[in-house]
Every structure is written in structure tokens, then in C-alpha cells.
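Residue numbers start from 1 in every chain, and the chains themselves are labelled A, B, ... in the order their sequence lines are given, proteins ahead of strands.
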Amino acid sequence: MTNYQKIAELLYPNNKFTVEEILSKYPKRNLDKNQVVSRYAPSPTGYMHLGNFFQMFISYNLTRVTDGVFFLRIEDTDSKREKKDATQVIYEILDNFGIKANEYQTLDGEDIGAYGPYVQSQRVEIYKAFAKKLVAEGKAFPCFCKKTEGKEDVLKLREHKFENDDAKEYDPCRDLSYEEVEANIKEGKPFAIRLKTKNTGTERVKFYDLIKGEIDTKANAKDIILVKSDGVPPYAFAHAIDDTLMGTTIVVRGEEYISSTPAHMEIFDALGFDYVTYCHNPLICKIGDEGNRRKISKRYDPEADMRYYFEEGYPIESVLEYLLNLINSGFESWRRENPTLDWKEFKFGVNDITAVAPIFDLVKLNDISKNLISRMNKVDVYNGALVWAEKYDTEFAKLLKEHKNMAINMLNIDREIERPRKDIAKFKDVKALYSYFFNEIFDRAELLNFDEKYAKENIVRFLTAYKNVVDVTVQKDEWFAGVKEVAGSCGFATDNKAYKANPTAYAGNVADACTILRVAITGRTQTPDLYSIMQTLGKDEVMSRIDYVLQNLK
RNA sequence: GGUCCCAUGGUCAAGAGGUUAAGACAUCGCCCUUUCACGGCGGAAUCAGGGGUUCAAUUCCCCUUGGGACUACCA
């Protein structure tokens, strides 16, 4: 028995498995070469972040177009930062977005798929087996140093580090004798396991990244941590083992991992594993206060939290399509050519994935969403609004249900026609946009919101005449002819050219008359077709609102 | 400090040595129009800077500049 083997025994006297036993439980996947196996591996340290979702979505699409395997692995190795319901929220969000993993562990702890467990905290015995093997081979060693953790520790560490910038960082414990290790263990000192790097700081490594191409960089020369003193590995070690055992072919992750890839590669080497292919994607950004790009963050940007899109009532397709737009520039032109196809018909390709950190643009998202909702039929919009309201605005949900027919008619105005109106970006908008249809929530005082350019006497004269003359029950053309006539008789110009030539001679033009009418009935200057609104509201209600204006206008 | 990534209009971007440098969102103007919209037409707006290589560089190379990431017993 070598010294290394003796140390390994000392450290891990009663491991459950040997490496060979584990390896035999994870056979190679029986798939074609082009079928991608990829994963979403969130750590449940907070609610789902847009940047995270972005990576997930790329991974998902890669597997989707190759009919591969998309699995979910919960990386709960940092018990200190773990948030209680985070895993559940992640599952819910994926579910709501219609993203289905082929393999995962259910919330009840049942593994779906043959490569589990899909939760890292349940895999510590596996990591221990590999750690023991590396120690026995002299490729890793126990470290009894005081641990560094958290931001303050790191900052303190760096103060000195930058001064004496040594290319290699060997740990003081790397050459402890058997006796020294034994003494520490007997004392009951906790230990971490570190990689004994083979490098000296001058070596270089190359790897091929699917997005960035060949990356040629400094090799790892640090005795990095493989197992923390709590017995659980940090990301790097777990990544190497799990992605190998689970047969991942492409690791999709954010580009912040590029710099640690050489370390990951050395772990793969030590373990005797083949490298995986990496796909390092840019981070989604926002414009910072100084006009710089900065990573989108939940702290400053509400849209960075995926729950935001549900709270606002965006249709899931809108969000997915916007993201697809950022990921793959070809999507937008494909969508224009295929306006009605499901986004899943889009042939997603790695080559088209952007290498530039995109700036998140809510305006563009809204545009995509408005187009999408404008193409929906009235019942779908009604249901969308209702589902949203039942969760986030129960008062409005009640109204939608009580006035179901009216609400559907209301949402049908300027809809299901060749060029539908594009006013709703998210279901939350419906209430604000259409509140004048609901007397329960509509404040009639809004009906008095006339622009000050309209003289009070003109408003009164016109509305009075309108009320006495125009019949709402007639056809649209006839109705409008009536409006025009009344407007003319009240001093509004019916000939726009004449009006433009001499605007002061008139109270306004027919457009102004219509604006007055629109405000008197809806309280706003922008609404769908006014005639249809009046039909939906009914004659009595329309007349009652005009009376209200006449009586209260000051 | 070191290592790496990125660089076409305000934003998303096409272009891969020779183009009047696409398109979308936003913006502005005009048209259509009973308002608002929708739609149509048009405008303004981009190759960060400097060196190479080449007959020719937005495109290839180098440097500079700018932005970003990492440099934890976090992921």
C-alpha cells in the first residue's frame, strides 16, 4: 500500500461505493452521434433568473432539434445559500413555460430517468468515491487550512494576491506526510480535498467552444477545492463527475465559466474522463447608469426575475419568442415568413447563436407580444385575461366572469380581422385599457378629461345636439353621417381642407368632434372603434354618460 | 495586477475581402383615415481608433481604446 492509499483509507474508511461500482451503474447512452444530451442545472439559491432561463432555453433547444435528451439536475451543493422553495419555483416556472425535461427528479423525490439521482445533495457518496480514488492516486490531497468563504474573505485574500502575483498557487497542505495527516484526523480537524495540480503556471491549454471557437488560455495551476470540508463538492468537481456519468454531450452555461474551464479540464484529466463540449453563452445585459453594459440583475431589474412575466401576464410564447430572437438572429425572419407556425417548428442552430451580450429590450418584447396577442381570437384573449386576473387581480376576474359576454364582445373590437389592433402587450394591460366598460371600476370623473383646447361651450353644444339627433341603433355608416352632420351644425368643419385653410373659423374639425365624443364616452383619446364601443355599451349607458358630462362639465 | 471574452445605427442585428452596408424595434415625416390605432411610403441614424496584409478591408492580422467576465471550501 502506498502512502497515498493509506491516506485515502484514513480519510474515507467506509465509503459506500467504489468508483468501479459507480461506473457500472451509468452505462453509455444509446444515442446517435448528432443527438445532443444537455441539461439545465440550476442551484436553488434564489428564484429563477432571466439569465439562467436563457441558458436553459438554449440547452433545451439544442436537444429539441436533435431529438436528444434534456435533463434537469438540481445543484444544491451550497447549503448556506440555499433558499427553501427555490426548487419548487424553478419546476413551476419550467412547467408554466411548457418546457419538459426528459429526465429529472420529481418534488416527491422520485427519479425519472436512469442516470439519477438528479439532485446533487443525494450524490455525495458518488463524489466521495472519486475523491478517495484521486487521493489514493496522489492526484489530490486533504487540506486542513482555515477555509475562506464569502465576499469579505475573498476581497482580503486578493489584496495580497495581486501584489505577489504568482502564476501557481500550491496549497501548504499539498505535501503533508501520512503522520501529519493522521495527527490532524485524530484531532478531529475537518478537511477539504484539493486537486494537486500538475502545472506550474507556464502551461497553456486549448479547448473548442461552440460559440467562441478555439480558446487558447493559461492552464490551471491552482490546487483547487474538490470537496469542501462539509463533505460536499463545489461546482467544478460535481460538474466533471455528473456530466460524465450522466452522458452530457454539450454543457451549456454562461460565459462567466470560461475562465474556470481550464480547472475543470484538469479535473477531467485527473479523473481519466473525456472532455465534454462547452457552449459558453453571453450574459443578458442592461444599460447601466454610466451608459455601460451591465449584467441584468434581480436587484435593479424586475424583469430579471422570471416570475415577473407571469405577474405582468405576458403570454409565455411572447417571452420565449423574444428570447429566441436574442439567441438566434435567424428567428425573426423565419417568424415573418411563418407567422402562424408554432415556434417549435423553428430549426434552431448552434452556429447562429449570438456571441455578443445582448441588451434586454422590453419595448421589443412588448412589440412581439402585441403582435402575438393581436392574432389571438377573442375567446383566447378573454381566457388569457381571466387566467391572469384570477391569480393577480381577483376583483377584475370577478367582473370578467360576471360580464363574460360583454367582455368577449369588448375584446373582439378590431379583432379577428385582417389587420387587427395591437394594443395589448400583456394581460395585465386589459384592465387599464378597457376599464370604461366596467362601471364597477370606472370613475366617471374621467369622462371630463377633455383637452383644454376644446372650449366648454363647443363641447356642450356638440354633445347636446348629438344626444338629441343621433341614433345609435343604426348602421355604422349612417351613424357616422349623423355625427358629421351634427358636428357641422355645431360649428365644426366637415371639410378638412377648408378647416386647414382657416382653422380659427371653426370649433375644430370632424376629428375633433369625434375626440370629444370619444372622451365623453370612454374618458380617453385612444380606444378601439368608437361605434363598436357604443354598440357594446348599449344606448342607455352611452346616453347616461353624455348626460353626466353635460351636468358636470365646469 | 493577471487571464480570457466581446466590439456594424439608440436596441436586436444581416453581411465572411469588391454590397448604393439588408431587415426588425424605437424615432421623425408624409399618405390612408371620423379619433386612437392598424396599414402604406419615405427620412435620419452604424462599420470605435490606429497600423499592417491586399489591386481592394466593415470583413483577415496586430496594437490601442472601450465594455464585460473570472481570479471563493459561490455557482
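- Non-hydrogen atoms lying under 4.0 Å from RNA chain B are contributed by nothing in residues 48-58 of chain A.
- Between Tyr322(A) and Tyr314(A), the distance from one ring center to the other does not fall under 6.0 angstrom.
- For Ser260(A), no side-chain nitrogen or oxygen approaches OP1 or OP2 of A75(B) to under 4.0 Å.
- Among residues two or more places apart in sequence or in another chain, the side chain to side chain donor-acceptor pair (under 3.5 Å) test is passed with Lys295(A) by none.
- Among the atoms of the strands shown, none is found under 4.0 Å from any heavy atom of Thr45(A).
- For the pair Arg421(A) and C36(B), the criterion of a side-chain N or O lying under 4.0 Å from OP1 or OP2 is not met.
- In this structure, Tyr104(A) places its OH atom where only 12 or fewer heavy-atom neighbours from other residues, nucleotides or ligands lie under 6.0 Å away.
- OP1 or OP2 of A75(B) lies within a sub-4.0 Å distance of a side-chain N or O belonging to Lys228(A).
- Rounded to whole Å, the C1' atom of A21(B) lies 29 Å from the corresponding atom of C31(B).
- Counting any heavy atom pair closer than 4.0 Å across all strands shown, Pro262(A) reaches no nucleic acid atom.
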Pairing pattern in dot-bracket form [Watson-Crick, G-U; both distances under 3.5 Å; | = partner strand] for RNA chain B: ((((((((.[[[..)..(....]]].(((((.......)))))....[[[[[..)....]]]]])))))))....
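- Between the side chain of Tyr257(A) and the base of A69(B), no donor-acceptor pair of N or O atoms lies under 3.5 Å.
- Lys84(A) pairs by the salt bridge (Lys or Arg N to Asp or Glu O under 4.0 Å) definition with nothing, not counting sequence neighbours.
- Sorted by first and then second residue, the salt bridge (charged side-chain N to carboxylate O under 4.0 Å, His left out) pairs involving residues 42-53 of chain A (not counting sequence neighbours) form an empty list.
- Under the 3.5 Å distance criterion, with hydrogens and angles disregarded, a donor-acceptor pair is assigned to the side chains of Arg524(A) and Ser435(A).
- Remark: the separation of the P atoms in G10(B) and G49(B) is 13 Å, to the nearest Å.
- G52(B) and U11(B) are spaced 31 Å apart, taking the P atom of each and rounding to whole Å.
- Across all strands, Thr354(A) comes closer than 4.0 Å only to sugar-phosphate atoms, never to a base (heavy-atom distances).
- Looking only at atom types and distance, the side chain of Asn371(A) has a donor-acceptor partner in the side chain of Lys422(A) under 3.5 Å away.
- In this structure, Asp78(A) reaches the sugar-phosphate backbone alone: every heavy-atom distance under 4.0 Å involves primed, P, OP1 or OP2 atoms, never a base.
- For the 3.5 Å distance criterion, the side chains of Asp423(A) and Tyr434(A) qualify, holding a donor opposite an acceptor.
- Using P as the reference atom, U58(B) and U19(B) are 10 Å apart when rounded to the nearest Å.
- For the pair Ile368(A) CD1 and A13(B) P, the interatomic distance rounds to 12 Å; values are reported in whole Å.
- Evaluation of the side chain to side chain donor-acceptor pair (under 3.5 Å) rule for Lys370(A) yields no partner, not counting sequence neighbours.
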Sequence-aligned protein contact record of nucleotides 23-34 of chain B, with B where the base is within under 4.0 Å of a protein heavy atom and S where only the sugar-phosphate is: BBSS-------B
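- Residue Arg158(A) has a polar side-chain atom (N or O) positioned under 4.0 Å from OP1 or OP2 of U71(B).
- Judged purely by distance below 3.5 Å, without hydrogens or angles, the side chains of Glu416(A) and Asn377(A) never pair a donor atom with an acceptor atom.
- Both Val154(A) and Ile215(A) lie close to RNA chain B; mapped to their nearest nucleotides by heavy-atom distance, the more 5′-ward contact belongs to Ile215(A).
- The C1' atoms of U54(B) and A7(B) are separated by 24 Å, rounded to the nearest whole Å.
- Checked against side chain to side chain donor-acceptor pair (under 3.5 Å), Ser38(A) has the following partners two or more places apart in sequence or in another chain: Ser59(A).
- Contact check of residues 280-295 of chain A against RNA chain B (heavy atom, cut-off under 4.0 Å) returns Asn292(A), Arg293(A).
- Judged by closest nucleotide on RNA chain B, Arg204(A) is the one of Arg204(A) and Phe360(A) placed further toward the 5' end.
- The base of C73(B) sits within donor-acceptor range of the side chain of Ser229(A), with an N or O pair under 3.5 Å.
- The side chain of Ser259(A) sits closest to C70(B) out of C70(B), C73(B), A7(B).
- In this structure, Glu446(A) places its CD atom where more than 12 heavy-atom neighbours from other residues, nucleotides or ligands lie under 6.0 Å away.
- Side chains of Asp223(A) and Thr197(A): no donor on one and acceptor on the other come within 3.5 Å.
- Residue pairs meeting the salt bridge (charged side-chain N to carboxylate O under 4.0 Å, His left out) criterion with at least one member in residues 190-210 of chain A, sequence neighbours excluded: Asp171(A)-Arg194(A), Arg204(A)-Asp216(A).
- Going from the P atom of U20(B) to that of C5(B) covers 35 Å, rounded to whole Å.
- Checked against side chain to side chain donor-acceptor pair (under 3.5 Å), Lys286(A) has the following partners two or more places apart in sequence or in another chain: Glu303(A).
- Comparing the P positions of A16(B) and A22(B) gives a spacing of 13 Å, expressed to the nearest Å.
- Considering only side-chain N and O atoms, Thr217(A) lies nowhere under 4.0 angstrom from the phosphate OP1 or OP2 of U3(B).
- At the heavy-atom level, Asn509(A) lies nowhere under 4.0 Å from the strands shown.
- Base engagement by Thr527(A) is indicated by at least one non-hydrogen atom pair under 4.0 Å involving a base atom.
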Donor-acceptor pairs under 3.5 Å, side chain of residues 40-50 of chain A to any protein atom, not counting sequence neighbours: which ones?
from     : atom 1 : to        : atom 2 : distance (Å)
Tyr40(A) : OH     : Asn52(A)  : OD1    : 2.9
His49(A) : ND1    : Gly51(A)  : N      : 2.7
His49(A) : NE2    : Ile296(A) : O      : 3.2

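- Comparing A14(B) with U33(B), their P atoms sit 40 Å apart, to the nearest whole Å.
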